[in-house]
Structures are given as C-alpha cells and as structure tokens.
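Notes follow the structure.
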Amino acid sequence: MTAALRVLDLFSCSGGAGWGYHLAGFAVDGCDIADRPRYPFAYHRGDALEYLAHLIATGEIGRYSLVHASPPCQAGCALTVGTNASQGWGGAHTDLVAPTRDLLDATGLPYVIEQPNGRAQIRKDLSLCGVMFGLGVLRHRNFELGRWSTARPPHPKHRGYVRGHRHGVHRDGPYVAAYGNGGGKATVPEMQHAMGITWTDVREELTEAIPPAYTRWIGTAFLTARQEVLV
C-alpha cells in the first residue's frame, strides 16, 4: 500500500482544515501557538512561522507534499474593515499573510493560503462556500494556491438568509451564523452540525474553524492535479 502524502497544517486551530485533508487521504501534522488538546492529529505547539522556518532550515520540510496555512485573519476580514471600523470597535491586528507567503515560497512546496472575505492580500484562486457542499453555514473562504492550480467550482445560489439579527433586523433562514454570541448566533451543537465538526465543543474553536468539506475538496483536487503531472 502506498503511504499517504503528508500535509503541514499551519495556524491549525482545532483542526477543521486538517480533518478535511485527512478525509482526502493525507497524513496531517498541525501547528498552532495555542494549546489545542482536541486537535485530532500530530501537533506542535508554537509560533507557526518560527516552526516553518525551523523545518526549512533543518530540511525536515521535505517530508511534506503540501503546506496549508490559515494565518490570523482579523486585520483584513470583512467584520474588521466593515462594521468594527465604522463603529470604532476592536484594536490593531497584525497581518501575517505576506510573511507566511514568503516562507511558503522558500519551502519550494505546493501550498494553500486561506483567508475569509475582506481585504486580505491573497489571490482568490478558489472561493468556497458552504452551499457548494450542502452545509448549514455560508462561511465564504478564499484560497491562494502556490505551485499548483485547479479549476474553480461553480458557486450555487444561496437558498435564503443567515438566521439571526443584523443591522437591527431579524431574519430566519436555512443557514446559521457560526461566529460571535447573541443576536440569534448559532449554538455550539448547531455549529458542530452545520460544519461537520464533532471533535471539539469549544465555541472559540468552532467560530474560527474551516468546514472540513472545503479542504477535503482542495486535498482531492491537489491529488488529482499531482497525478496528472506524474502521468
């Protein structure tokens, strides 16, 4: 049996992205600066960029076939540059996208950078939405693909609103708001069900998670693209 290709999951949080790659057939190693006892795969606690630099310097990066990175998104996400900025809420946020890309380029490996909608400076090679996978969240996410490519999937029309209060108006709808608290936001069980995440019940981890269906699709697309190159 052929050994599974290995993916490095940087800024891994609780493993939403990692679980999707696992479902696509990868072995997964994670790294996050916080303690993540519920992370379901091999895990290194530490600064993701320092760890990546160490792997490059020692040559250990060579055991990976793909690197996925989800650097902190608060600096450029829609909430920060939209509502929070207009209301004077929140503080300063460090943008780690550029230094992350620099190190990923230095690995010489194919990579994926994930960010939410907003002003993050990444190429939107892929834009994925929960509707594409029949999920109970919209959770739009953009992905820059380094050293590989794949066709963009079509984005089906949304079936209605996200349930909850927004700008003083309450709406009902088929999707839950998997972020924040109050205002009709999803409960922990609702978020788990909507995103297909069962191994953590920590609200903060769920609100930051990528639905595994996204990276299962990306991982499968990468394996297909890799096989076409080998053939």
Side-chain angles (χ1 to χ4, degrees), residues 7 9-26 28-32 34-41 43 66 68-74 77-80 112-118 120 122 124 126-143 152-166 171-222:
V7 63
D9 178 20
L10 297 173
F11 308 98
S12 60
C13 193
S14 64
W19 191 259
Y21 286 113
H22 163 72
L23 293 175
F26 287 82
V28 181
D29 294 337
C31 176
D32 195 271
D35 186 26
R36 302 291 185 187
R38 285 156 291 277
Y39 190 79
F41 309 107
Y43 181 77
L66 179 69
H68 176 102
S70 296
C73 60
Q74 289 87 352
C77 75
L79 183 62
T80 298
V112 178
I113 303 176
E114 174 270 331
Q115 290 286 279
N117 279 345
I122 66 168
K124 297 177 181 179
L126 290 175
S127 294
L128 301 182
C129 168
V131 177
M132 299 173 176
F133 308 100
L135 301 181
V137 290
L138 296 182
R139 186 142 290 192
H140 296 96
R141 290 295 183 269
N142 301 306
F143 300 86
R152 296 168 63 98
H155 188 162
K157 184 178 179 180
H158 297 171
R159 294 181 287 110
Y161 293 106
V162 175
R163 188 197 74 202
H165 294 277
R166 185 171 176 81
R171 292 189 172 97
D172 199 5
Y175 310 108
V176 299
Y179 58 89
N181 284 288
K185 302 296 191 302
T187 64
V188 164
E190 286 174 331
M191 285 191 284
Q192 290 176 310
H193 178 73
M195 290 191 288
I197 293 175
T198 60
W199 60 90
T200 179
D201 59 0
V202 177
R203 173 174 284 274
E204 175 264 335
E205 293 182 346
L206 289 164
T207 60
E208 294 184 5
I210 302 172
Y214 294 13
T215 44
R216 183 178 190 175
W217 189 94
I218 291 171
T220 301
F222 173 77

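Keep in mind that the numbers below use all heavy atoms, side chains included, and drop hydrogens, waters and symmetry copies.
Residues Tyr39 and Asp32 are not in side-chain contact: their nearest non-hydrogen atoms beyond the backbone lie 4.5 Å or more apart. The side-chain heavy atoms of Phe41 and Asp9, taken from C-beta on, include no pair separated by under 4.5 Å. Between Gln115 and Pro71, some side-chain heavy-atom pair lies under the 4.5 Å cut-off. Side chains of Ile218 and Leu128 form a contact here, defined as non-hydrogen atoms less than 4.5 Å apart.
Here the CD-CG distance, from Glu114 to Leu10, works out to 12.5 Å after rounding to the nearest 0.5 Å. In this structure, CE in Met191 is found 11.0 Å from NZ in Lys185, a value given to the nearest 0.5 Å. Here the NE2 atom belonging to His22 is positioned 9.5 Å from the CZ atom belonging to Arg216, to the nearest 0.5 angstrom. Note that OG1 of Thr200 and CD of Glu205 are 3.5 Å apart. Values are rounded to the nearest 0.5 Å. Atoms CD1 and CG, on Ile113 and Asn142 in that order, are 12.0 Å from each other to the nearest 0.5 Å.
Annotation: Arg36, atom CZ; neighbour count of heavy atoms from other residues, nucleotides and ligands within 6.0 Å is above 12. Open room surrounds OH on Tyr161; 12 or fewer heavy atoms of other groups in view lie less than 6.0 Å from it. Around the NE2 atom of His140, the shell of radius 6.0 Å holds more than 12 heavy atoms that belong to other residues, nucleotides or ligands.
When atom types are taken as modelled, the side chain of Trp199 and the backbone of Ser14 share a donor-acceptor pair closer than 3.5 angstrom. Without hydrogens or angle criteria, Tyr214 side chain to Phe133 main chain gives no donor-acceptor distance under 3.5 Å. Looking at Arg139, its side chain never comes within 3.5 Å of a backbone N or O of Ile210 through a donor-acceptor pair. At least one donor-acceptor pair under 3.5 Å links the side chain of Arg152 to the backbone N or O of Lys124.
Contact record, Leu135 with Pro211: CD1-CB, 3.6 Å, taken as the closest heavy-atom pair. Annotation for Val176 and Val162: closest pair C-CG1, 3.7 Å, computed over non-hydrogen atoms. Shown here for Met195 and Val137, the closest heavy-atom pair between the two residues is CG-CG2, 3.8 Å. Taking every heavy atom of both residues into account, Pro156 and Met132 meet most closely at CD-CG, 3.7 Å. Shown here for Ala186 and Arg203, the closest heavy-atom pair between the two residues is O-NH2, 2.9 Å. Taking all atoms of both residues into account, the shortest heavy-atom contact from Gly18 to Val28 is O-CG2, 3.5 Å.
Note: Tyr21 and His68 have perpendicular aromatic rings, judged against thresholds of 30 and 60 degrees for the angle between ring planes. Classified by interplanar angle (parallel below 30°, tilted 30° to 60°, perpendicular above 60°), the ring pair Phe26/Phe222 is tilted.
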- request: Test Leu206 against Gln192 for side-chain contact (heavy atoms from CB on, under 4.5 Å), laying out the working first.
  value: CA-CA 7 Å; Leu206 289 164; Gln192 290 176 310; 3.9 Å; yes
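A salt bridge does not link Arg141 to Glu208: none of the charged side-chain nitrogens sits closer than 4.0 Å to a carboxylate oxygen.
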